[in-house]
Number of protein chains: 2
Amino acid sequence: MVEKSASPREDADLFEISSFTPYLLAQAADAQSDVFSRNYRNRYGMLRTEWRVLFHLGRHGEMSAKEISERASIHKTKVSRAVRALEEKRFLSRVTNSEDRRSERLSLRPPGQEAFRHLCRAAQDYESALEQRLGRQDAGKLRDLLKRLSRS
Amino acid sequence: MVEKSASPREDADLFEISSFTPYLLAQAADAQSDVFSRNYRNRYGMLRTEWRVLFHLGRHGEMSAKEISERASIHKTKVSRAVRALEEKRFLSRVTNSEDRRSERLSLRPPGQEAFRHLCRAAQDYESALEQRLGRQDAGKLRDLLKRLSRS
DNA sequence: TGTTGTTAGTTGCTTTTGTAACTAACAAGG
DNA sequence: CCTTGTTAGTTACAAAAGCAACTAACAACA
């Protein structure tokens, strides 16, 4: 037993990518958004940004595109396109804000509210399944750690 | 104090998107890859998939595109494009496998090895900073949880 | 008013990703 | 040898994201 591996570098210099956090994050994010959002897309034909916008409008009520953009940290061009898509699906209505005619008050129409309720149920089911898988404690810990990471 | 909020839905039906795991994952993944990979891109002009491929070749030595694709769970078309880009930067060489001429043996050239070493150092620095921020215990816990999530 | 600077939102263009179809090489059986 | 089926890798096309430039509305002030 002279050599343990045929790796091209000394072990001291090696770094295991499979434990590299940004890599793990990307991997996990892909895996989970596949599980959830792909599913969701099939049902309502919505893209990820669209259901994020829907989520915010459903949860917090009438607001402007700017507010959504800030709250959700989504770039304004993405919000703009998502709003248009949701309007075309008749999920929301836009009314020019009379106080400041540059902006519009966005709000969910009944079909949008229905989709929001359905989305909430799906999200809750998803979280329950996750807690089953990771355990209640660890699922909570994960959310906590991810929140801390996002603030940077 | 009659109403606590002007939300359009009953609280019982509400679901807080800011605690929704797939959403938190996407947010955190974006934030962290910004911190790391954007930085890295500037230095070597590489995209995320490119340095992932580089990582695998540097760490495990000569292998085929197929093997990279399997080990790293990257779709073969992405690997194909990354390999071409790395070849154009003269970071790797491709030699047709004489055993099976459909595939090629890929290996890092000196500049690629240099980039790999630099990447390892940067990744280690990144992880150190993360451990400082989250604490050693929690950083480890995070990696552990993310690994469990990826297996699905 | 008119000028300058800022903000909300949209549009156009370029880069990147995802998907499906394709080529070339192989393998097994007739 | 000639099918038939499979595999490694590439290419072409469509969907999506990122970025910069643009329009319209506002605000402050000479």
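Chain A is the first sequence line, chain B the second, and so forth, proteins listed ahead of strands; every chain is numbered from 1. Note that the coordinates shown come from a computational prediction; the quantities given were computed from them, not determined experimentally.
Residue-to-nucleotide contacts include a donor-acceptor pair under 3.5 Å from the side chain of R81(B) to the base of dG18(C). Below the 3.5 angstrom threshold, one finds no donor paired with an acceptor across the side chain of R105(A) and the base of dG9(C).
As a whole-Å value, the separation of M63(B) CE from dG9(D) C1' is 17 Å. In this structure, E104(B) atom CD and dT7(D) atom P are separated by 19 Å, rounded to whole Å. Going from atom CG of D30(A) over to atom P of dT16(C) covers 17 Å, rounded to whole Å. For the pair R48(A) CZ and dA15(D) P, the interatomic distance rounds to 19 Å; values are reported in whole Å. Atom P of nucleotide dG18(D) and atom CG of L47(B) are separated by 13 Å, given to the nearest angstrom. The nearest whole Å value for the distance from the CD1 atom in I68(A) to the C1' atom in dG9(C) is 12 Å.
For dT10(D), the OP1/OP2 oxygens have a side-chain nitrogen or oxygen of S80(B) closer than 4.0 Å. Taking 4.0 angstrom as the limit, R84(B) places a side-chain polar atom (N or O) nearer than this to OP1 or OP2 of dT11(D).
Residues of residues 71-79 of chain B that place a heavy atom closer than 4.0 Å to DNA chain D, in numerical order, are K76(B), T77(B).
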Give the table of side-chain donor-acceptor pairs shorter than 3.5 Å for residues 77-88 of chain A, with sequence neighbours excluded, one pair per line with atom names and distance.
unit_1: T77(A); atom_1: OG1; unit_2: H75(A); atom_2: ND1; d: 3.2
unit_1: E87(A); atom_1: OE1; unit_2: R94(A); atom_2: NH1; d: 3.1

Tabulate below the donor-acceptor pairs under 3.5 Å that side-chain atoms of residues 134-145 of chain B make, not counting sequence neighbours, or state none.
unit_1: R136(B); atom_1: NH1; unit_2: E131(B); atom_2: OE1; d: 3.1
unit_1: D138(B); atom_1: OD1; unit_2: K141(A); atom_2: NZ; d: 3.1
unit_1: D138(B); atom_1: OD2; unit_2: K141(A); atom_2: NZ; d: 3.3
unit_1: D138(B); atom_1: OD2; unit_2: R148(A); atom_2: NH1; d: 3.2
unit_1: K141(B); atom_1: NZ; unit_2: D138(A); atom_2: OD1; d: 3.1
unit_1: K141(B); atom_1: NZ; unit_2: D138(A); atom_2: OD2; d: 3.3
unit_1: R143(B); atom_1: NH1; unit_2: E127(B); atom_2: OE1; d: 2.8
unit_1: R143(B); atom_1: NH2; unit_2: E131(B); atom_2: OE2; d: 3.2

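Side-chain contact check for N97(A) versus E104(A): every heavy-atom pair is 4.5 Å or farther apart. When side chains are defined from C-beta on, M63(B) counts as touching R71(B), because their heavy atoms get closer than 4.5 Å. By the 4.5 Å heavy-atom criterion applied to side chains, R48(A) and R52(A) are counted as neighbours. In this structure, F116(A) and F91(A) have side chains that are not in contact, with every pair of non-hydrogen atoms separated by 4.5 Å or more. Here the side chains of R109(A) and R90(A) are in contact, with some heavy-atom distance below 4.5 Å.
Under 3.5 Å, the side chains of E50(B) and Y44(B) contain no donor-acceptor pair of N or O atoms.
Distances from the side chain of T49(A) to the nucleotides dG9(D), dT11(D), dA17(D) place dA17(D) closest. With dA8(D), dG9(C), dC19(D) as the candidates, the nucleotide lying closest to the side chain of K66(B) is dA8(D).
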Which atoms of nucleotides 23-27 of chain D (N or O only) lie under 3.5 Å from a protein N or O atom, and what are those distances?
unit_1: dC26(D); atom_1: OP1; unit_2: R101(A); atom_2: N; d: 2.7
unit_1: dC26(D); atom_1: OP2; unit_2: R101(A); atom_2: NH2; d: 2.6

Quick one: which protein N/O atoms are closer than 3.5 Å to N/O atoms of nucleotides 3-5 of chain D? Pair and distance per line, please.
none

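Ring centers of Y23(B) and F55(A): at least 6.0 Å apart, outside the cut-off.
Remark: T49(B) OG1 to I68(B) CD1 distance equals 11.5 Å, nearest 0.5 Å.
Between E67(B) and R105(B) there is a salt bridge, since at least one side-chain N of the basic residue sits less than 4.0 Å from a carboxylate O of the acidic one.
Remark: K147(B) pairs with S19(A) by the side-chain hydrogen bond (donor to acceptor under 3.5 Å, both in side chains) rule, at least two apart or across chains.
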